Amino acid sequence: MQKEYQTITEISGPLVYAEVDEPVGYDEIVEIETPDGDTRRGQVLESTSDFVAIQVFEGTEGIDRNSSVRFLGETLQMKLTEDLLGRVLSGSGEPIDGGPEIEPDEERPIVGEAINPYSREYPEEFIQTGVSAIDGMNTLVRGQKLPIFSGSGLPHNDLALQIARQATVPEEEEGEDDEGSEFAVIFGAMGITQEEANEFMDDFERTGALERSVVFMNLADDPAVERTVTPRLALTTAEYLAFEKDYHVLVILTDMTNYCEALREIGAAREEVPGRRGYPGYMYTDLAQLYERAGRIEGKEGSVTQIPILTMPGDDDTHPIPDLTGYITEGQIYVDRDLNSQGIEPPIYVLPSLSRLMDDGIGEGLTRKDHADVSDQMYAAYAEGEDLRDLVNIVGREALSERDNKYLDFADDFETEFVQQGFRTNRSIDETLDLGWELLSQLPKEELNRIDEELIEEKYVEDEGETVEAEE
Amino acid sequence: MSQATESDVREDGQIESVSGPVVTATDLDAKMNDVVYVGHEGLMGEVIEIEGNITTIQVYEETSAVSPGEPVESTGAPLSVDLGPGMLDAIYDGVQRPLDVLEEKMGSAFLDRGVDAPGIDLEKTWEFNPEVSEGDEVGPNDVVGIVPETPSIDHKVMVPPDYEGGDVVDVKSGNYTVEDTIVELDNGEEIKMRQEWPVRSQRPADEKQTPDTPLVSGQRILDGLFPLAKGGTAAIPGPFGSGKTVTQHQLAKWADADIVVYVGCGERGNEMTEVIEDFPELEDPTTGNALMDRTCLIANTSNMPVAARESCVYTGITIAEYFRDMGYDVALMADSTSRWAEAMREISSRLEEMPGEEGYPAYLAARLSEFYERAGYFQNINGTEGSVSVIGAVSPPGGDFSEPVTQNTLRIVKTFWALDADLAERRHFPAINWNESYSLYRDQLDPWFEDNVAADWADQRQWAIDTLDEEDELQEIVQLVGKDALPEDQQLTLEVARYLREAWLQQDAFHDVDTYCEPEKTYAILGAIKTFNDEAFEALEAGVPVEEITAVDAISQLNRIGVQEEWEEYVAELEDDIAEQIRGLY
């Protein structure tokens, strides 16, 4: 099927249109050779009996109407092998670390098939990230997709790195020898700057995490269209490692905003009817096809957990990218500008953050019996404290009742002691929950209406007084 | 999908172009909405446009590597579902292919393409107990026999609605497959346990009646403030994270319907898995049988093909109507109708149709109202009465209720449960905003509640609404001047309203006891708060300062009623305690 054509009729943005006389499959891979001998790869976006529309990954610069077009007769495949661990690849899956060529055990189409909901296993294994605001309040479990909603200039990368570094499943800590051997990180970078990339790579190398990682790098100056395949390559690799090789894979995708921009660019070039803010109408489906590739499968050891990072344009979570993401993912972690400027590390804003799978991943036998109650109570108390802050601005603290003042103190301490921990501190779930009890014990017992009475008797720290010191 | 009729595959066409889920074909002899098989792999699709020699098809499966020139076959029949015993306890994709059978056939946890499977097991035998004998005259939809399908549901085998009917000449009894003829009529019509019905047309019924029985949900805020009728329609719009899915799951678990059809339309895979794993372990509160015995699940997750997402709500409602014809009360949950609307938009934009508001097709409103109109309390043609209640979740982008899907839905439905991100953030669940929500069934349903629960049901509810309204107004002042600046009686009202919110409106879906609250308990909790209110105001009038009243120990126990299993005694004792302690103040 390697027929060659020199029939390009139109080049527009990232798209090339060519006439064909033999049928070409939808989604098929295309090679275009420019007169200078350069080879560009692309993919069929639309196929009719007389012409095809091709999206070129590496940019259309230098392509003219005399360039030759070759259809390879197959859809885009990822070369897969366990030896990928420790490698750094380009955004289109070619090695860029100077190492040897990849010798695949298997090749798989990158589009990926949907997991049959009947074959899934419900995720309920607690992952300890060592970050109190996540473990205590928005617990992550294996097989979940939990994005970080951030803004430009915020330390979301530090948070992602902290999670990648610290993530463990507590029960494994006992058999420390083989721990880590089955944990893998896949890092898919889309349109991030060289500096950010260096930050990640340095951290990976320093902590030795690289040997259990596969890195896909599409940098800010790499072709935008390539970004549409990078996450698919990363996820295909993740599925292979998880469901064939029994790894617990953590996939970090950054920055999804750049991915969506690339989608919009292609949509605009095809003159499609745009949806909200010019993003294509099928963006929900497209994002779902990425995010839904997280999960566990019955009868398989491994799992795919996703932490996509996205920067919300203008910190606006109603923007289509965070909005559609939130509808697909199982919760979200908000990184907040105000907390960041107060020096809280990590600046996680707990109130709008959410982990949908938390309820099934915590409790007796998983984390601790009191986990759900403590987290609920802290949410409610923090929310009340937040409300009162508005009031304080108007009437001043003196005008408030004693009860209200306690809630205000709670909200302050919650931020400076519970959320604040530094990007290098690793807190166990016990430490996190005990800290929670300490803070809650500032409030009168009667106020703890979301906690089981027996638990209050057992855990409430009496005579707390004014000084609450957190052991860090 | 119905494929049992090895339908006479007719004229071949050829693929002309492929663009995602939209394929055009030439020389295809097919009618509008016919099901076709596309390409060498036989991917299932549906005709959505015919223009001259060009037929446009939406394909229900992934189209990678499909190329022009491949064959297209028409089945000559519209998209239909298989109806018969075996649908309960099943889990289907958007075109009624059983997901467990697909897993087996594909030998993989991933969904492959080009695999088809009938909606109900064609080989399994069922015990058929005839209800008619030779010589009886039967007409369309008349029940000819009963199959005990699950411990809780008797499946009634009916004459298909498109049959003429006549005199019974032969009737069988015993174990048969759904393909065997069990009743024969004098005009030659053969009745089997299986029938087919095209998903896009409503099953006929005699008359739609005004519903007057509530669909009791076991959720305090729903039963207490915004009840839904059996045969009614409700919408749950809310931004992400506000608890749409949990509310839908709660309804699917606890609503007192005979049959529940749960449509996961563009939902998360893990959430569907939760349903699949949870439901078989749960008990139906009315019958005590496994919840799965009355449930039919349709799961088309967000990463499954978009065209099948468009069809899954129709598949669901057709199954619901079939059970309605048997005289059952059916509740259909669609989560989320926004995904369905977006699937329409996606297909429409691939067809390059002129877009309406926000890129949605101009026929969005028509499709939505067509769908919701299939709900109702019906007098069936076989003389029974049955209902289909539809509860649709809506996911408005950015939580903005002014967008087209929410607005067009609100024009049709009569119950509106507005979910609120603010409430969700402070973990007030269910996060249904009591100021924005409404139910137009209230007056219709009050007689039922008055007869079955308490004679002053409506009055007490009105008291709760008034108190909550007053709180809402007072809160604005509190925001400006602080609570302590209010007169004492208003401070007390705020305190009472707080208990209404915390003890009555809030309900913990994950607590074993609190997850289901019968209407009597809903009424009792409200009664206890009212007792506190009355005692407290009397004490206030007698000159007791408000701080002293609200500091009474027993009051905070109000928040614990929800989790009590033996709530009758608990409430009685608590009411006494409250009265005694408050009276002790003066």
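This is a predicted model, so every value here is computed, not measured. Convention: sequence-line order gives letters A, B, ...; per-chain numbering from 1.
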J.: Name the region of A:K145, side chain, backbone, both or neither, that has any atom closer than 4.5 Å to a heavy atom of chain B.
T.: side chain
J.: Do we see a donor-acceptor contact under 3.5 Å between the side chains of A:E386 and A:Y349?
T.: yes
J.: Work out which heavy atom in B:T515 is nearest to a heavy atom in B:A509; give both atom names and the distance.
T.: OG1-O, 3.1 Å
J.: For B:I15, is there any backbone N or O sitting under 3.5 Å from a side-chain donor or acceptor partner on B:E70?
T.: no
J.: Please look at A:D452 and chain B and tell me whether the side chain, the backbone, both or neither of the residue comes under 4.5 angstrom of a heavy atom of that chain.
T.: backbone
J.: Return yes if some donor-acceptor pair links the side-chain N/O of B:D514 with the main-chain N/O of B:D508 below 3.5 Å, else return no.
T.: yes
J.: Test A:F149 against A:H319 for ring pair (Phe, Tyr, Trp, His ring centres under 6.0 Å), laying out the working first.
T.: CA-CA 11 Å; A:F149 282 14; A:H319 183 280; over 10 Å; no
J.: Is it the backbone or the side chain of B:Q14 that comes under 4.5 Å from a heavy atom of chain A, or both, or neither?
T.: neither
J.: Under a 4.0 Å N-O cut-off, is there an ion pair linking A:D286 with A:R232?
T.: yes
J.: Let me know if B:P396 has heavy atoms under 4.5 Å from chain A in its side chain, its backbone, both or neither.
T.: both
J.: So which of B:G359, B:S19, B:S349, B:P305 has the biggest tally of heavy-atom pairs under 4.5 Å with chain A?
T.: B:S19
J.: I need the residue from A:V44, A:V350, A:D404, A:L354 with the largest number of non-hydrogen atom pairs under 4.5 Å to chain B.
T.: A:L354
J.: Contact part of B:K244 toward chain A, heavy-atom cut-off under 4.5 Å: side chain, backbone, both or neither?
T.: side chain
J.: Output the option from A:S47, A:A383, A:P117 having the highest count of non-hydrogen pairs under 4.5 Å with chain B.
T.: A:S47
J.: Is it the side chain or the backbone of A:E330 that comes within 4.5 Å of chain B heavy atoms, both, or neither?
T.: both
J.: If you tally heavy-atom pairs under 4.5 Å against chain A, which of B:R427, B:E425, B:M272, B:E346 wins?
T.: B:R427
J.: Report yes or no: do B:E103 and A:S119 form a side-chain donor-acceptor pair below 3.5 Å?
T.: yes
J.: Which of the residues A:I115, A:D390, A:L287 is involved in the greatest number of heavy-atom pairs with chain B at under 4.5 angstrom?
T.: A:I115
J.: Would you confirm whether A:E239, through its side chain, and A:T236, through its main-chain N or O, come within 3.5 Å as a donor-acceptor pair?
T.: no
J.: For the interface with chain B, which of A:R296, A:K300, A:Q289 has the highest count of heavy-atom pairs at distances below 4.5 Å?
T.: A:Q289
J.: Considering non-hydrogen atoms only, spot the tightest contact between B:V405 and B:V394 and give its length.
T.: CG1-CG1, 4.0 Å
J.: Before you tell me yes or no, could you show the steps for A:L15 and A:Q55 under side chain to side chain contact (heavy atoms under 4.5 Å, CB included), namely the whole-Å CA-CA distance, both residues' side-chain angles and the distance that decides it to 0.1 Å?
T.: CA-CA 5 Å; A:L15 300 186; A:Q55 126 190 2; 3.9 Å; yes
J.: Determine, for A:Y291 and B:R268, whether the Lys NZ or Arg CZ falls below 6.0 Å from the six-membered ring centre while staying within 45 degrees of the axis.
T.: no
J.: Which bit of A:I29 comes within less than 4.5 Å of chain B, counting heavy atoms only: side chain, backbone, both or neither?
T.: neither
J.: Using non-hydrogen atoms and a 4.5 Å limit, figure out which bit of B:V18 sits close to chain A: side chain, backbone, both or neither.
T.: both
J.: Going by atom types alone, do B:T24 and B:E16 pair a side-chain donor with an acceptor below 3.5 Å?
T.: no
J.: Select one option (side chain, backbone, both, neither) describing which atoms of B:S64 are under 4.5 Å from chain A's heavy atoms.
T.: both
J.: Using a strict threshold of under 4.0 Å (side-chain N to carboxylate O), is an ion pair present between A:R403 and A:E446?
T.: no
J.: Can you tell me which portion of A:P109 sits under 4.5 Å from chain B's heavy atoms? Options are side chain, backbone, both or neither.
T.: neither
J.: For A:Y284, is it the side chain, the backbone, both or neither that has a heavy atom under 4.5 Å from a heavy atom of chain B?
T.: side chain
J.: May I ask you to decide if A:N405's main-chain N or O and A:R397's side chain share a donor-acceptor pair within less than 3.5 Å?
T.: yes
J.: Can you tell which part of B:E274 gets under 4.5 Å to a heavy atom of chain A, answering side chain, backbone, both or neither?
T.: both
J.: Identify which part of A:L290 has an atom lying under 4.5 Å from any heavy atom of chain B, answering side chain, backbone, both or neither.
T.: neither
J.: Of the non-hydrogen atoms in A:L146 and A:G331, which two are nearest, and what is the gap between them?
T.: CD1-C, 3.6 Å
J.: Highest number of heavy-atom pairs under 4.5 Å with chain A: which of B:G243, B:S336, B:G399, B:G20?
T.: B:G20
J.: Measure B:D100 against the heavy atoms of chain A and call it side chain, backbone, both or neither at under 4.5 Å.
T.: both
J.: Could you walk me through whether A:R276 and A:D323 satisfy the salt bridge (charged side-chain N to carboxylate O under 4.0 Å, His left out) test, starting with their C-alpha distance in whole Å, then the side-chain angles of each, then the deciding distance to 0.1 Å, before giving a yes or no?
T.: CA-CA 11 Å; A:R276 268 211 312 154; A:D323 191 52; 3.4 Å; yes
J.: Heavy-atom count around A:E301 CD within 6.0 Å, excluding the residue itself: above 12?
T.: no
J.: What option among B:V306, B:I276, B:V23, B:T63 has the most heavy-atom pairs under 4.5 Å with chain A?
T.: B:T63
J.: May I ask you to name which of A:V395, A:T75, A:I297, A:D359 has the most heavy-atom pairs under 4.5 Å with chain B?
T.: A:D359
J.: Can a side-chain donor-acceptor contact be found between A:Y334 and A:D317 if the only test is distance below 3.5 angstrom?
T.: yes
J.: Measure B:E502 against the heavy atoms of chain A and call it side chain, backbone, both or neither at under 4.5 Å.
T.: side chain
J.: At a 4.5 Å cut-off on heavy atoms, which part of A:I394 comes close to chain B: side chain, backbone, both, or neither?
T.: side chain
J.: For A:F243, is it the side chain, the backbone, both or neither that has a heavy atom under 4.5 Å from a heavy atom of chain B?
T.: side chain
J.: For A:E74, is it the side chain, the backbone, both or neither that has a heavy atom under 4.5 Å from a heavy atom of chain B?
T.: neither
J.: At a heavy-atom separation under 4.5 Å, does A:D360 approach chain B through its side chain, its backbone, both, or neither?
T.: side chain
J.: Under 4.5 Å, counting heavy-atom pairs only, tell me which of B:F510, B:F240, B:F110, B:Y360 racks up the most with chain A.
T.: B:F240
J.: Chain A heavy atoms under 4.5 Å from B:N270: which part of the residue, side chain, backbone, both or neither?
T.: both
J.: Please state whether the side chain, the backbone, both or neither of B:P397 comes within less than 4.5 Å of a heavy atom of chain A.
T.: both
J.: Charged N to carboxylate O below 4.0 Å: is that the case for A:D387 and B:R426?
T.: yes
J.: Considering only heavy atoms, which portion of A:R356 lies under 4.5 Å from any heavy atom of chain B: side chain, backbone, both, or neither?
T.: side chain
J.: Taking side chain as everything from C-beta outward and backbone as N, CA, C, O, which of these in B:Q557 sits under 4.5 Å from a heavy atom of chain A? Side chain, backbone, both or neither.
T.: side chain
J.: Is there a donor-acceptor pair under 3.5 Å between the side chain of B:E403 and the backbone N or O of B:D400?
T.: no
J.: Please flag which part of A:E272 lies under 4.5 Å from any non-hydrogen atom of chain B: side chain, backbone, both or neither.
T.: neither
J.: Heavy-atom distances under 4.5 Å only: say whether B:V22 touches chain A with side chain, backbone, both or neither.
T.: neither
J.: Using heavy-atom distances under 4.5 Å, tell me whether A:E121 contacts chain B through its side chain, its backbone, both, or neither.
T.: both
J.: Who wins among A:E384, A:E298, A:Q332 for the most heavy-atom pairs under 4.5 Å with chain B?
T.: A:Q332
J.: Between A:E292 (side chain) and B:G269 (backbone), is there a donor-acceptor pair under 3.5 Å?
T.: yes
J.: Out of B:D112, B:T301, B:I91, B:L102, which one racks up the most heavy-atom pairs below 4.5 Å with chain A?
T.: B:D112
